[in-house]
J.: 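Please see the structure below; I have some questions.
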Number of protein chains: 2
Amino acid sequence: MSVKERKERERAERERLIVATARELAEQQGWDAVTTRRLAERIEYSQPVLYSHFRGKREIIGAVALQGAAEMAVAVRAATAAAEGPRARVTALARGYLDFAERNPAVYDALFRLDGGLAYAREDTPEPLKDAFAALLECLGEVAGDGVHPGLFTEVFWASLHGIATLTRAGRLPPEEAERRVELLVDRLAVL
Amino acid sequence: MSVKERKERERAERERLIVATARELAEQQGWDAVTTRRLAERIEYSQPVLYSHFRGKREIIGAVALQGAAEMAVAVRAATAAAEGPRARVTALARGYLDFAERNPAVYDALFRLDGGLAYAREDTPEPLKDAFAALLECLGEVAGDGVHPGLFTEVFWASLHGIATLTRAGRLPPEEAERRVELLVDRLAVL
DNA sequence: ACCCGATCCTAGCACCGCTAGACAATCGAG
DNA sequence: CTCGATTGTCTAGCGGTGCTAGGATCGGGT
């Protein structure tokens, strides 16, 4: 039976390699450069091997997204944990979120811009996605204000951050005023 | 000389046809379905004709975006003009914006999600884009609040709307609470 | 009536995501 | 230890993509 186990280990290892390589390639040259041919070449296997692990390119994007969601949750919690008081926490969250988006553009795209075949905002949403939202909720819930549903408030705050992140990176917003935009958003949206 | 003029007219007419057809196709089946072959077939010319009008697919997207920007400016101004008082105006703007995004998803994508090769937020930004931003500014400038730069406020409000629009359409936000999200955003961001 | 330039199309390039079918390596039974 | 079956991987190819080179054809000016 140990042979089978070894093969399963090796197979799992190769799957990790595929996801890591896809992510690396996307981070280096953008998702357009992540083709099944290039990806196969980098992991030193032929194309069809990819399809024995994933249904297609979309699922590979989804796998990167899941990994990214877990990391984003960690990043957000780390940022907020280091801050004292509601206001500082929310500011830290906003900065942490935008920072993550800027430093991991490919992962951010996999999560929120591309189609990774994942279900969002539903019962069958994968756990890492739920947890990433929960990480936002933990901090933002306490500044939603009276009579405002914490979940709804978190959605709006998150959407605002997402808008800033995407428009900035697409060159639709000048990057110079980034910090002032964060301040304005926190000042106005959060009830302190 | 009249022959030359006629040819130029026909050429301009064909260019309009290309843009209109691309937009129609994108609105019907999404931008992925807008291939140069399908587009060429629909306008009843061969592929290379497209390249005598545009450098490539990207420029065609850009042309649709420019058209869409002009329409969005009109839509936003129409929505705000019908409202009395700052609060009603801002609410109308938010609803009008999201409504435009929902009813013209392909145009919205061309404007803010895809790469149409256009310059944003710069001196050489095409006039329709500047004017669309101006349309937002006209209404939002009056609720920016003291000491807050109207342009910066408009950017943040716009980014928030953009975030809601994109996340909702990508299935990242449940569509049911759309109206309550708008109310929350207006209540908090605008200084009334 | 003829030539010549503008205009348009056919055919093709290199690449894409994805898959069928041939081949080799490995395992279990006799 | 050998032999068939199973598993795993690869080569080759399908239909599609954006884009372009080069030849045919059409129409205006002389």
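This is a predicted model, so every value here is computed, not measured. Residue numbers begin at 1 in each chain, while the letters A, B, ... track the order of the sequences.
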J.: Just the rounded figure in Å: distance from C1' of D/dT17 to CG of B/Leu39.
T.: 14 Å
J.: Within this structure, what is the CD-to-P distance between B/Glu44 and C/dC9, rounded to whole angstrom?
T.: 11 Å
J.: Between C1' on D/dG16 and CD on B/Gln29, what's the gap in Å once rounded to a whole number?
T.: 15 Å
J.: Starting at atom CZ of A/Phe54, determine the distance to atom C1' of C/dT19, rounded to an integer number of angstrom.
T.: 18 Å
J.: Determine, stepwise, if the pair A/Arg16 / A/Glu13 fulfils salt bridge (charged side-chain N to carboxylate O under 4.0 Å, His left out).
T.: CA-CA 5 Å; A/Arg16 274 196 297 277; A/Glu13 178 53 36; 2.6 Å; yes
J.: In whole Å, what is the span from the CD1 atom of A/Ile43 to the P atom of D/dT9?
T.: 10 Å
J.: Give me each pair satisfying ring-ring contact (aromatic ring centres under 6.0 Å, His included) with a member in residues 161-191 of chain B, each pair once, sequence neighbours excluded.
T.: B/Tyr108-B/His162, B/Phe112-B/His162
J.: B/Arg42: which residues meet the salt bridge (charged side-chain N to carboxylate O under 4.0 Å, His left out) condition with it, sequence neighbours left out?
T.: B/Glu24
J.: Which residue pairs pass the ring-ring contact (aromatic ring centres under 6.0 Å, His included) test when at least one of the two sits in residues 33-61 of chain A, sequence neighbours left out?
T.: none
J.: Going by salt bridge (charged side-chain N to carboxylate O under 4.0 Å, His left out), name the residues that satisfy it together with A/Glu102, two or more places apart in sequence or in a different chain.
T.: none
J.: For a quick check, with a 4.0 angstrom heavy-atom cut-off, what is the B/S/- contact string for nucleotides 11-16 of chain C, read 5' to 3'?
T.: -B---B
J.: From OH of A/Tyr45 over to P of D/dT7, roughly how many Å is that when rounded to an integer?
T.: 18 Å
J.: Does D/dG8 have OP1 or OP2 sitting under 4.0 Å from an N or O in the side chain of A/Arg14?
T.: no
J.: Who passes salt bridge (charged side-chain N to carboxylate O under 4.0 Å, His left out) against B/Glu71, sequence neighbours left out?
T.: B/Arg23
J.: Round to a whole Å and report the spacing from CZ of A/Arg11 to P of D/dT7.
T.: 12 Å
J.: In this structure, how many angstroms lie between the C1' atom of C/dC9 and the CD atom of B/Glu41, rounded?
T.: 15 Å
